[in-house]
Amino acid sequence: SVANANVNSSIPAIANYFGTKGRYEEVNPYLINDILSVNKSLLKPGCTDCTAIHVTAIIRHGTRYPTTKNIKRMQRLYDLVLNDSMNTDKWLTEIKTKWEMWYTDDMDGKLVEKGRDDHRHLAVRLATLFPSLMSEENLRSHRIRFITSSKHRCVDSIVAFQEGLLNLWKVTEVGPSHKINDELMRFFDQCKKFIDDVENNKTALEEVHLFKASAEMKIVQMKMADQLQVPYNLITPDLVEAAFFLCSYEFAIKSLNSPWCNLFDETDAQVLEYKNDLKQYWKRGYGHDINRKSSCILFHDLFNRLDKAAHEIRFGHVSEAVTIQVGHAETLLPLLALMGFFKDETPLTADNFDMQHGRTFRTSRIVPYAANLVFVLYDCSEGLRLQFLLNETPLKFPDINHQAPLYNTVRETYRELLHGCNFEKECEPSRPNRNFEL
Ligand SMILES: O=P(O)(O)O[C@H]1[C@H](OP(=O)(O)O)[C@@H](OP(=O)(O)O)[C@H](O)[C@@H](O)[C@H]1OP(=O)(O)O
């Protein structure tokens with residue numbers, strides 16, 4: 001397998017396909033040698049005479065443990081390997097005799113130490129990129145605001161982010177505070193229409209279920225059964241996924257190229273990456289309109305913040321220099337979709353895996369752990385400009401061919417959303433079928 005070929009490397013050969021379970025360093029490999037390195041030259045807004053006046057960063061929590069649901073699947077797979085696998089290859093013997101099932105149910109999605117580091121380091125890099133905004137002085141004068149989802153992994157991430165800043169500036173007094181705001185950072189929990197039509201609707205993820213039963217998935221199942229030397233009927237799609245998760249978690253959490261990775265070659269990994277992308281597409285992306293519209297509240301919050309800074313700069317002082325907001329993959333993806341990023345011409349479905357190799361909706365690139373959307377407002381001689389960075393790399397707004405367009409141009413592009421996109425209205429539950437009343 002590809003993983004075998006790369007046995008000397010500590011990076012699994014399939015590490016680029018881990019989707020939302022992927023490491024941030026795979027998206028920005030220059031960080032592997034120097035986790036604090038930044039490329040300031042990327043930041044030039046393309047015009048002279050510009051000063052950054054405000055930054056809003058919307059960040060996913062750092063590396064975390066698996067959720068209980070997936071830990072249980074991993075345990076089932078491990079038991080099956082111990083009890084039924086006939087293969088005596090070295091890597092499988094290693095799983096049976098040396099590897100230990102160390103994940104326990106109570107770990108349930110909690111932040112791991114690597115996840116704290118993800119945020120500590122990101123904080124230092126952002127402070128290096130925006131030294132005049134993300135500064136000790138601004139921290140002390142409360143011009144940096146911290147907002148997070150209430151989930152433990154997010155709260156722990158924002159605390160680690162603050163630690164990163166405090167260490168950088170050698171501040172030893174009591175650290176900054178944060179506000180929990182689930183209305184903003186977990187809008188998906190409060191959007192009734194999303195809950196009814198997607199979260200609790202068995203047919204909403206039909207494409208995912210169909211792909212689990214597809215010929216592509218069957219091949220991966222059979223190859224895995226062959227590798228383990230167990231009867232075909234023992235290897236379900238959930239167990240295949242459990243093995244893939246084991247490979248990804250051992251790597252993300254412990255930096256190990258674990259023997260579990262031997263179960264997959266690159267083609268298998270592409271199939272499993274697609275399966276995860278389908279889930280994200282139909283649950284958080286373009287699959288259903290309400291997925292992206294549920295983020296209207298965060299969209300308006302962002303533009304209100306930018307508008308406020310744009311207004312205040314006319315009087316020479318922006319009250320909020322930086323806003324740090326920590327949430328989930330399910331916070332970032334709907335907002336990206338609402339704003340039109342990564343929209344493929346053809347929807348992702350169970351039967352078009354073959355033609356989706358070049359898709360832009362690839363969560364391995366978009367939302368690894370500690371993924372971040374950074375909006376930078378500049379005051380330039382010809383007016384205000386806005387630049388967008390995804391995972392520290394500039395990305396043009398859809399339909400605007402400029403690295404940092406005039407802020408007014410961005411507002412014009414999103415005018416419909418800015419004038420509509422009302423969370424209350426969009427999230428009103430669909431009307432029940434009243435035909436019976438007629
Ligand atoms: O497949 P799991 O149980 O890991 O799914 C998680 C979500 O993880 P993701 O699908 O994004 O890899 C998790 O999102 P996160 O950004 O917080 O990691 C989400 O909050 C959690 O509810 C799980 O979703 P589920 O599909 O409802 O189990």
Side-chain angles (χ1 to χ4, degrees), residues 17-24 26 58-77 103 105-112 114-115 118-119 148-158 180 182 185-191 194-195 198-202 204-205 207-209 211-212 237-253 272-285 287 291 294-295 298 325-337 348 361-373 391:
Y17 301 105
F18 290 152
T20 52
K21 271 82 172 163
R23 204 173 66 144
Y24 191 76
E26 265 46 61
I58 304 175
I59 314 174
R60 186 182 179 208
H61 57 77
T63 308
R64 61 165 173 81
Y65 287 116
T67 52
T68 304
K69 174 189 74 187
N70 286 328
I71 293 175
K72 288 190 192 305
R73 286 182 189 164
M74 292 171 185
Q75 180 70 53
R76 274 200 287 130
L77 172 72
Y103 300 94
D105 288 359
D106 59 314
M107 292 174 173
D108 195 17
K110 293 194 182 112
L111 196 72
V112 296
K114 166 70 167 74
D118 291 339
H119 272 254
T148 178
S149 131
S150 62
K151 203 79 182 176
H152 41 62
R153 55 182 169 274
C154 297
V155 173
D156 292 347
S157 291
I158 213 161
I180 287 176
D182 282 345
M185 308 315 293
R186 292 183 63 82
F187 48 77
F188 41 88
D189 272 351
Q190 325 218 348
C191 180
F194 172 76
I195 295 169
V198 181
E199 187 81 48
N200 294 339
N201 176 357
K202 285 206 172 76
L205 299 192
E207 296 298 328
V208 181
H209 304 309
F211 193 68
K212 280 172 93 170
D238 282 353
L239 287 185
V240 170
E241 200 169 48
F244 192 58
F245 284 165
L246 272 167
C247 170
S248 68
Y249 279 112
E250 291 287 278
F251 178 57
I253 300 175
L272 293 167
E273 183 197 37
Y274 192 65
K275 196 246 138 190
N276 184 37
D277 283 357
L278 276 175
K279 169 185 166 187
Q280 307 299 333
Y281 184 87
W282 290 94
K283 206 170 171 180
R284 294 156 189 177
N291 298 352
S294 63
S295 72
L298 185 58
Q325 301 181 296
V326 177
H328 308 259
E330 65 224 280
T331 313
L332 274 61
L333 279 173
L335 182 65
L336 282 169
L348 276 65
F361 193 86
R362 184 161 256 126
T363 60
S364 300
R365 314 307 303 164
I366 309 172
V367 268
Y369 299 119
N372 49 85
L373 321 186
N391 300 329

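Computed over heavy atoms, backbone and side chain alike; hydrogens, waters and symmetry mates excluded. Counting convention: from 1, in listed order, for ligands and their atoms alike.
Taking every heavy atom of Gln280 and a limit of under 4.0 angstrom, the matching atoms of ligand 1 come to 9 (P), 10 (O), 11 (O). The ligand atoms of ligand 1 that sit less than 4.0 angstrom from a heavy atom of Asn70 are 1 (O), 2 (P), 3 (O), 4 (O). Of all atoms in ligand 1, numbered sequentially from 1 with element shown, those under 4.0 Å from a heavy atom of Glu330 are 13 (C), 14 (O), 15 (P), 17 (O), 19 (C), 20 (O).
Nearest protein heavy-atom contact of atom 28 (O) of ligand 1 is Lys69 NZ, 2.8 Å. Here the protein heavy atom with the shortest distance to atom 27 (O) of ligand 1 is Lys283 NZ, 3.4 Å. The protein atom (non-hydrogen) at minimum distance from atom 11 (O) of ligand 1 is Arg284 NH1, 2.9 Å. The nearest protein atom to atom 16 (O) of ligand 1, hydrogens excluded, is given as Ala329 N, 2.7 Å; this is a heavy-atom distance. Atom 3 (O) of ligand 1 has Thr67 OG1, 2.6 Å as its closest protein atom, hydrogens excluded (heavy atom only). Counting only heavy atoms of the protein, atom 5 (O) of ligand 1 lies nearest to Lys279 NZ, 3.3 Å. Considering only non-hydrogen protein atoms, atom 4 (O) of ligand 1 sits nearest to Lys21 NZ, 2.8 Å. If you check which protein heavy atom lies closest to atom 15 (P) of ligand 1, you get His61 NE2, 3.2 Å.
Using the six-membered ring where Trp is involved, Phe251 and Phe18 have ring planes that are tilted, between 30° and 60° apart. Taking the six-membered ring where the residue is Trp, Tyr369 and Tyr249 present tilted rings, their angle falling between 30° and 60°.
Of the candidates His328, Glu241, Arg64, it is Arg64 that places a heavy atom closest to atom 18 (O) of ligand 1. Of the candidates Thr20, Leu205, Asn276, Thr20 brings a heavy atom nearest to atom 9 (P) of ligand 1.
The distance from the OG1 atom of Thr20 to the CG atom of Leu332 is 12.0 Å, given to the nearest 0.5 Å. Interatomic distance, Asn70 CG to Lys21 NZ, rounded to the nearest 0.5 Å: 6.0 Å.
Put simply, the residue from Lys69, Lys212, Arg73, Arg76 that forms a salt bridge (Lys or Arg N to Asp or Glu O under 4.0 Å) with Glu241 is Arg73.
Considering both main-chain and side-chain atoms, Tyr249 never comes within under 3.5 Å of ligand 1 through any nitrogen or oxygen pair.
Side-chain contact between Met74 and Leu77 is absent, with no heavy-atom pair separated by less than 4.5 Å.
No side-chain donor-acceptor contact under 3.5 Å links Glu26 and Tyr17. Side-chain N/O atoms of Asn372 and Tyr24 include a donor and acceptor closer than 3.5 Å.
Comment: Glu330 does not engage Arg186 in a salt bridge, judged by the lack of any side-chain N to carboxylate O separation of less than 4.0 angstrom.
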